[in-house]
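Everything on this sheet refers to the single structure shown next.
Order of the sequence lines fixes the chain letters, A, B, ..., with proteins taken first and strands second; residue numbering starts at 1 for each chain. What's counted below: heavy atoms across the whole structure, side chains too, no hydrogens, waters or symmetry copies.
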There are 2 protein chains.
Amino acid sequence: MTYSPELLKGTLKTIVLKLLSDHKKMYGYEITQKVKELTRDKIQITEGALYPTLHALEADGLVTTEVEYIGKRVRKYYSLSPAGRTAGREKLKELTNFMDTMIALLDIKPKMA
Amino acid sequence: MTYSPELLKGTLKTIVLKLLSDHKKMYGYEITQKVKELTRDKIQITEGALYPTLHALEADGLVTTEVEYIGKRVRKYYSLSPAGRTAGREKLKELTNFMDTMIALLDIKPKMA
DNA sequence: AAAGATACATAAGAATTAGATGTATTAAAA
DNA sequence: TTTTAATACATCTAATTCTTATGTATCTTT
């Protein structure tokens, strides 16, 4: 990761919920690779961070899981529950709002896509 | 604070360095109030977070201090050292870059000032 | 056959911040 | 005039979150 790791703190759940809102179902490893791809290697989600997060989301009822076997290998898919979809929208809104505030506070100019 | 507190993690040093780069010298309490004012109460820097951060910056040689007495009350001013000025610029650049990445990843549209 | 990629997961430790608490002075309000 | 709120410093415990290390196992490519 090119950034100070602290910057990512607090954004992981939002990232996961957003990806799941765009993809119906994804498995853990796929999420790490997708983030890597979408950020051109700038953000690397580590598995040690991701799996506890996914389990927490599941415990909170925001995602549901289904196991699939690829040969003998287990693959665990995660999907958004209705509550998860709502939570994702809210988290995204909150992050956007936070960024607006930071941009104003620090007088910086991000370039949008 | 209106935001999930985790979001602020990793940005506090950047905020402090940026404010000091705009103000020559500030004291702790002033910093908390300035952030509150500039963000219209959206971000509240707690003293429990700020003072350890200021002390860390001082230990790293990024800020220098001078004590002043207002009547009998102590006031401790913090100023950027040359190294602090450089570090502040770099932190700001990093945060901007990180935000660009997050904006692209999450496909969000912050509104700039 | 070995190495690298895929895929799950846990656990210890580091880092950062919130919240509580403490001290003390000064100004404003009751 | 008393007490409350604001100013101003600071520390400490606990909570949270992530990194790093480790572990297991399968599949694919060299």
For B:Phe98, all residues meeting ring-ring contact (aromatic ring centres under 6.0 Å, His included), sequence neighbours excluded: A:Tyr3
From the list [options], which nucleotide is the closest neighbour of the side chain of [X]?
| X | options | result |
| --- | --- | --- |
| A:Pro52 | C:dT10, D:dA15, D:dT7 | C:dT10 |
| B:Leu12 | C:dT17, D:dT7, C:dT10 | C:dT17 |
| A:Tyr29 | D:dA6, C:dA7, D:dA10 | C:dA7 |
| A:Tyr51 | C:dA7, D:dA10, D:dT7 | C:dA7 |

[N] OP1/OP2 closer than 4.0 Å to side-chain N/O of [X]:
| X | N | result |
| --- | --- | --- |
| B:Lys76 | D:dA10 | yes |
| A:Tyr27 | C:dA7 | yes |
| A:His55 | C:dT10 | yes |

Is it true that A:Lys76 and A:Glu30 make a salt bridge, defined as a side-chain N closer than 4.0 Å to a carboxylate O? no
Sub-3.5 Å donor-acceptor pair from the side chain of A:Thr101 to the main-chain atoms of B:Thr39, do we have one? no
Grab the [atom1]-[atom2] distance between [X] and [N] for me, whole Å please.
| X | N | atom1 | atom2 | answer |
| --- | --- | --- | --- | --- |
| A:Leu57 | C:dA9 | CG | P | 13 Å |
| A:Phe98 | C:dT17 | CZ | P | 10 Å |
| A:Ile45 | D:dC18 | CD1 | P | 9 Å |
| B:Gln44 | C:dA20 | CD | P | 14 Å |
| A:Lys9 | C:dA18 | NZ | P | 13 Å |
| B:Tyr69 | D:dC9 | OH | P | 12 Å |
| B:Leu50 | C:dG19 | CG | C1' | 15 Å |
| A:Met26 | C:dT6 | CE | P | 14 Å |

For A:Arg73, side-chain contact (heavy atoms from CB on, under 4.5 Å) partners two or more places apart: none
Yes or no on salt bridge (Lys or Arg N to Asp or Glu O under 4.0 Å) for A:Glu66 and A:Arg75, after CA distance, side-chain angles and deciding distance? CA-CA 8 Å; A:Glu66 50 183 309; A:Arg75 182 179 284 176; over 6 Å; no
Please tell me which of A:Gln33 and B:Thr53 maps to the more 5' nucleotide of DNA chain C, matching each residue to the nucleotide holding its nearest heavy atom. A:Gln33
Treat primed atoms plus P, OP1 and OP2 as sugar-phosphate and everything else as base, then score nucleotides 20-30 of chain D 5' to 3': B for base contact with protein heavy atoms under 4.0 Å, S for sugar-phosphate contact only, - for none. B-----BS---
Determine the interplanar angle of the A:Tyr27 and A:Tyr77 rings, folded into 0 to 90°, and report it as parallel if under 30°, tilted if 30 to 60°, perpendicular if over 60°. perpendicular
Regarding B:Glu47 and B:Thr32, do their side chains bring together a donor and an acceptor under 3.5 Å, going by distance alone? no
